[in-house]
Number of protein chains: 2
Amino acid sequence: MAERTGDIFGDGPVALPRGGPLYLQLKRWIEAAIERGAIRPGDALPSERDLAQRADVSRVTVRKAMQQLVREGVLVQRHGSGTFVAPETRRVEQSLSQLTSFTEDMARRGMAVRAEWLDRGLYPPSPEETVILGLGSGERVARIARLRLTGDTPLAIERASLAAGILADPEAVGDSLYSHLERSGARPVRALQRIRAAHIAEADALLLQVPAGSAGLHIERISYLATGRVIEFTRSIYRGDTYDFVAELRLGDASNGTGQP
Amino acid sequence: MAERTGDIFGDGPVALPRGGPLYLQLKRWIEAAIERGAIRPGDALPSERDLAQRADVSRVTVRKAMQQLVREGVLVQRHGSGTFVAPETRRVEQSLSQLTSFTEDMARRGMAVRAEWLDRGLYPPSPEETVILGLGSGERVARIARLRLTGDTPLAIERASLAAGILADPEAVGDSLYSHLERSGARPVRALQRIRAAHIAEADALLLQVPAGSAGLHIERISYLATGRVIEFTRSIYRGDTYDFVAELRLGDASNGTGQP
DNA sequence: GAGTGGTCTAGACCACGCT
DNA sequence: GCGTGGTCTAGACCACTCC
């Protein structure tokens, strides 16, 4: 199969579905081709110049259509190589009612996950960290930043902050922060999470291997010891295309809508 | 204050921060101006042609920078009128552990929310609805689609499906689906939600008044009666810039990571 | 009608990958 | 070296808003 591309689109002119701006016509045309299986995940599209000529539009217009599909995760572009239909990604599920660590969670599913360290160290705290963690004056903060991956696919960036009094030696943390905390008797028993959709900023997008501005989940988590003390404050960015969070809801009374104690 | 714009940017040339592609330099320059308060929410930016001339770049390049900021929700463009710094939006919080109805939830917060009907009626079910709702052969499905708003700001699109046997007359549903169900003794007591980040498609983006492709939350909810029967299957799209979901987590045992019974 | 954003073009050069 | 995507230009016309 030398040139799948040639077979699929033919070599002749491209007939666009009429209606609306050209770049949207072209976008719909590409979506339709994928929809009906004419091109499949992993397949290459014709080059931008080729498509432009055959659809009788300018290359700028072709790019505008493709860029939208790239941002939506439908296509993948590789500089110097070509444009491809994005491979299907399996979604990962995570519970929103059980407090589990990422590592333990994935191990339970038999998924090969790993983490790369982005940062580990003791720092002077930001005002926000001082307030949330209830730091004493002069107390430093331990920061741990990790890139979570399954195989070669990045899943999420996790940036955790803990009081230096609780995690004196960030370098000693192994694969799982929670099991490290458990060994020192400081494993959290509950946590509050805030979840929102967000656009992934350029720097994070690079780490997560998605186009800048892609949809992702921004999660803030504050964890508590049984004593009620805050021990961990974590901000994470999850790729939008690989994560499903699952929550179980129960009939609530009006007294407490926020989950706050 | 005739022309805030003129004062803020001056009339002279624009000095871009060096480094990287021009459109990113320009994007950073605009972000910086907003950051330091030189232009504030609601203020107009110079026109694209004006900025292009003063920054000595082409209009296409100006547009590329602005488009990114529009997608991120930083700027708002109004055809024929101009480009403005987006007004700040207050975020709405919603619990992920208490099963409450949208209407009741907001009323408790004293927020003026309302809904517009997008669709109400009985339909032949899709295969998915038949399976999830456990429909009998020939049984139809009641569909309710609403646009949720606070004041004039759209918040979310909700599309619910119920067995016709449970909701025989969709037209009779008032402001709150749950209180309607309660009256017929069919209020759900628990639900499973799946949450993911997603790009908002063009049609939905129009309803939600955000640019197509913006980040949003896609939520699927399946609600159960005390008997265990599924009574509601809802898909919702929430704007990413106006919603925070809050979940409380408790230390989980390994037996049950999904919240599934 | 003047000014704004929205679309589109033809052509150029650069940076990257592959062979 | 050749083909690919990435950036950028100058100029054009359309559609919309506001005066």
Side-chain angles (χ1 to χ4, degrees), chain A residues 2-6 9 14 16 18-30 43-71 74-86 202 205-206 209 211-213, chain B residues 2-6 9 14 16 18-30 43-71 74-86 202 205-206 209 211-213:
Chain A
E3 278 291 85
R4 244 188 95 69
T5 286
F9 291 94
V14 166
L16 260 36
R18 300 271 115 202
L22 284 177
Y23 72 93
L24 286 181
Q25 294 178 23
L26 189 53
K27 186 185 169 203
R28 283 198 300 271
W29 181 82
I30 296 171
D43 286 353
L45 267 70
S47 77
E48 296 176 348
R49 288 168 179 82
D50 187 15
L51 254 188
Q53 198 184 351
R54 283 160 49 190
D56 194 30
V57 299
S58 75
R59 189 179 153 214
V60 178
T61 303
V62 173
R63 278 185 68 73
K64 194 162 179 183
M66 284 188 169
Q67 293 284 9
Q68 290 210 358
L69 291 168
V70 168
R71 258 191 295 118
V74 177
L75 301 180
V76 178
Q77 289 190 306
R78 286 200 285 273
H79 193 170
S81 173
T83 304
F84 308 84
V85 180
E202 214 180 333
L206 232 123
Q209 293 176 27
Chain B
E3 277 291 84
R4 246 189 92 69
T5 287
F9 291 93
V14 165
L16 260 35
R18 299 273 116 202
L22 284 176
Y23 74 91
L24 286 180
Q25 295 177 23
L26 189 54
K27 185 184 170 206
R28 283 198 300 272
W29 181 82
I30 296 171
D43 286 353
L45 267 71
S47 77
E48 297 176 349
R49 289 167 178 84
D50 187 15
L51 255 187
Q53 199 185 351
R54 283 159 51 191
D56 195 29
V57 299
S58 76
R59 191 180 152 214
V60 177
T61 303
V62 173
R63 277 185 67 75
K64 194 161 178 183
M66 283 187 169
Q67 293 284 11
Q68 290 212 356
L69 291 168
V70 167
R71 257 191 296 118
V74 176
L75 301 179
V76 177
Q77 290 191 305
R78 286 200 284 274
H79 194 170
S81 171
T83 304
F84 306 85
V85 179
E202 213 178 335
L206 230 119
Q209 293 176 27

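Values below: all heavy atoms of this structure, side chains included; hydrogens, waters and symmetry mates excluded. Because the structure is predicted, anything quoted here is derived from the model rather than measured. So that the names make sense, note that chain A is the first sequence line, chain B the second, and so on, each numbered from 1.
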Practice item. Take the protein atom OH of A:Tyr23 and the nucleotide atom C1' of C:dG6, then report the distance between them rounded to whole Å. Key: 8 Å

Revision key, fill the gap. A:Glu202 atom CD is separated from D:dG6 atom P, nearest whole Å, by 14 Å

Exercise for review: Could you state the atom-to-atom distance from CG of B:Asp56 to P of D:dA10 in whole Å?
Suggested key: 8 Å

Check your understanding: Do A:Lys27 and A:Gln67 have side-chain heavy atoms sitting under 4.5 Å apart?
Key -> no

Practice item. Give a yes or no answer on whether the side chain of A:Gln25 reaches the backbone of A:Gly20 with a donor-acceptor pair at less than 3.5 Å. Key: yes

Exercise for review: Calculate the interatomic distance between B:Leu26 atom CG and D:dT9 atom P; express it in whole Å.
Suggested key: 10 Å

Check your understanding: Under 4.0 Å between a side-chain N or O of B:Lys64 and OP1 or OP2 of D:dC8?
Key -> no

Check your understanding: Within less than 4.0 Å of OP1 or OP2 of C:dT4, is there a side-chain N or O belonging to B:Thr83?
Key -> no

Practice item. Answer yes or no: does a side-chain N or O of A:Arg59 lie under 4.0 Å from OP1 or OP2 of C:dG11? Key: no

Review point. Under 3.5 Å, is there an N or O donor on one side and an acceptor on the other linking the side chain of B:Arg49 and the base of C:dG5?
Key: yes

Exercise for review: Search all heavy atoms of A:Tyr23 against all heavy atoms of A:Ala65 and return the closest pair with its distance.
Suggested key: O-CB, 3.3 Å

Review point. Can a side chain N or O of B:Gln77 be found less than 4.0 Å away from OP1 or OP2 on C:dG6?
Key: yes

Point to revise | Heavy atoms of other groups near B:Gln53 CD, more than 12 under 6.0 Å | key: no

Revision key, fill the gap. Side-chain atoms of A:Pro21 come closest, of C:dA12, C:dA15, C:dC8, to C:dC8

Study note, to complete from the structure: Out of D:dT7, C:dG6, C:dT9, minimum distance to the side chain of A:Thr61 belongs to C:dT9

Exercise for review: Select one nucleotide: of C:dG6, D:dG5, C:dT9, the one nearest the side-chain heavy atoms of B:Gln67.
Suggested key: C:dG6

Point to revise | Distance in angstrom units between B:Leu24 CG and C:dC14 P, rounded | key: 19 Å

Check your understanding: Taking the side chain of A:Ser58 as heavy atoms from C-beta outward, which of D:dG5, D:dC8, C:dT9 is closest to it?
Key -> C:dT9

Study note, to complete from the structure: Comparing nearest nucleotides in DNA chain C, the 5'-proximal residue of the pair A:His79, A:Val57 is A:Val57

Study note, to complete from the structure: Whole-Å distance, A:Gln25 CD to C:dG6 C1', equals 15 Å

Exercise for review: Confirm from the modelled atom types if A:Arg78 and D:dG6 form a donor-acceptor pair under 3.5 Å, side chain to base only.
Suggested key: no

Exercise for review: Decide yes or no for B:Glu202 and A:Leu24: does some side-chain heavy atom of the first lie under 4.5 Å from some side-chain heavy atom of the second?
Suggested key: yes

Point to revise | Nucleotide nearest A:Ser47 (side chain, heavy atoms from C-beta), chosen from C:dT9, D:dA12, D:dT4 | key: D:dT4

Check your understanding: Between atom CZ in B:Arg63 and atom C1' in D:dC8, what is the gap in whole Å?
Key -> 15 Å

Check your understanding: Atom NZ of B:Lys27 to atom P of D:dT7: distance rounded to whole Å?
Key -> 12 Å

